Amino acid sequence: MRALHFMKVDYILTRKQLYIVPLFFVLALFIGKGMGAPEVSLMVACSYMLFVATIFSTTPFAYCGGKNRGFLLLFPATVRDRVAGRFLYGLSFVAMLALLCVMLVVVYGMTGVKLPLWALAFGLWELAIGIMIMALELLFFYLFGEGKENWQYLSNIIRTAPGMAMFFAANYLIGKAEDASAGGAGIELEGLSGKFMQAGMIAVVAALLLTTVAAAVCVKVIEKRDYA
């Protein structure tokens, strides 16, 4: 339960970025709109939202210095509580933006735009990769950069580069899949979509397990320091 309290504290500290999430949502729709068919537009928009999620999920580290650090240390809690709260924040942020993508899929579906099953499987894979990126970024910050004020530029690269690489790679694969469908390979993709879905579900579970392992490693390391 204390971990949930620390997750809430992180949301309070980063509440300003919650205000601009709708702007990024609109930007995602704008970016996707120019990518061709409605199905492709939807997939690109969701890819962009997951890219944003990987960046915003590590924002609390920017607030862990100075007065805020002393404030957090006043709470009666263990290192495990603090680290778990930070990882729960990251997971919940990714889940929140993924939920926005699901709502967008529903809205598109109500207008007659249906995503093929392979596209939904692709979304699961992308969600799994987004969770992995978030977990590895948190692991990096706890092990090498947490609380170090001279790591600003490197931390910006670490927060941005993996998600950006995922976004561009996803767009490339989406374009290839669209070309394959136009070339008559759409039936083959649909035939493999069931296996893709199963593999995507397994990937999401594996990503959650990786997150748990990363959090456990962070706890072991931070217990030897003065602050988590």
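Note that the structure is a prediction, hence the values are computed from the model and not measured. In this chain, numbering begins with 1 at the start of the sequence shown.
- Under the 4.5 Å side-chain heavy-atom criterion for Ile, Leu, Val, Met, Phe, Trp and Tyr, M103 and V26 are members of distinct hydrophobic clusters.
- Atom CG of residue N171 and atom CZ of residue F51 lie 11.0 Å apart, to the nearest 0.5 angstrom.
- Of all heavy-atom pairs between G85 and F6, the closest is CA-CB, 4.1 Å.
- By the 4.5 Å heavy-atom criterion applied to side chains, V221 and Y142 are not counted as neighbours.
- For the pair L139/C218, a side-chain contact is recorded, criterion being any heavy-atom separation below 4.5 Å from C-beta on.
- Interatomic distance, CG of L210 versus CE of M132, reported as 6.0 Å (0.5 Å rounding).
- With F56 as reference, V21 is the one residue of L18, V21, T14 to meet the side-chain contact (heavy atoms from CB on, under 4.5 Å) rule.
- In the hydrophobic cluster analysis, where Ile, Leu, Val, Met, Phe, Trp and Tyr join through side-chain heavy atoms closer than 4.5 angstrom, M164 is grouped together with L27.
- Minimum interatomic distance between T54 and E137 (heavy atoms only, all atoms of both residues): O-OE1, 2.9 Å.
- E126 and S47 form a side-chain donor-acceptor contact under 3.5 Å, judged by distance and modelled atom types alone.
- Transitive grouping of hydrophobic side chains (ILVMFWY, heavy atoms separated by less than 4.5 Å) keeps I12 and M96 in distinct clusters.
- Closest approach of M197 and L120 over heavy atoms only: SD-C, 3.9 Å.
- Remark: the backbone N or O of I157 is not paired with any side-chain donor or acceptor of T160 at under 3.5 angstrom.
- The distance from atom CG of L97 to atom SG of C46, rounded to the nearest 0.5 Å, is 10.5 Å.
- No side-chain heavy atom of I222 sits under 4.5 Å from any side-chain heavy atom of L143.
- Every residue was checked against the ring pair (Phe, Tyr, Trp, His ring centres under 6.0 Å) condition with F25, not counting sequence neighbours, and none meets it.
- With rounding to the nearest 0.5 Å, the separation of CD1 in I129 from CG in L136 is 11.5 Å.
- In this view, Y11 and Y89 satisfy the ring pair (Phe, Tyr, Trp, His ring centres under 6.0 Å) rule, not counting sequence neighbours.
- Note: the hydrophobic cluster containing L209 does not contain I202 (ILVMFWY, side chain heavy atoms under 4.5 Å, direct or indirect links).
- Nearest heavy atom pair, residue W125 against residue A199, reads CZ2-CB, 3.6 Å.
- Residues L42 and L104 form a side-chain contact, since some pair of their non-hydrogen atoms from C-beta on lies under 4.5 Å apart.
- Taking the side-chain contact (heavy atoms from CB on, under 4.5 Å) definition, one finds that A84 meets it with A3, sequence neighbours left out.
- Q17 is listed as a side-chain neighbour of F93, based on a closest heavy-atom distance under 4.5 Å.
- A distance of 4.0 Å separates CE of M134 from CG of L91, quoted to the nearest 0.5 Å.
- Separating the CG atom in L50 from the CD1 atom in I55 is a distance of 11.5 Å, to the nearest 0.5 Å.
- V217 is connected to I158 through a chain of hydrophobic side-chain contacts under 4.5 Å among Ile, Leu, Val, Met, Phe, Trp and Tyr, so both are in one cluster.
- Contact between V204 and A128 at its shortest, heavy atoms only, is N-CB, 3.6 Å.
- F167 and Y48 have perpendicular rings, their planes meeting at more than 60° on a 0 to 90° scale where under 30° would count as parallel.
- P60 approaches R86 most closely through the heavy-atom pair CB-NE, 3.4 Å.
- For the residue pair R159/T59, the side-chain donor-acceptor check at 3.5 Å is satisfied.
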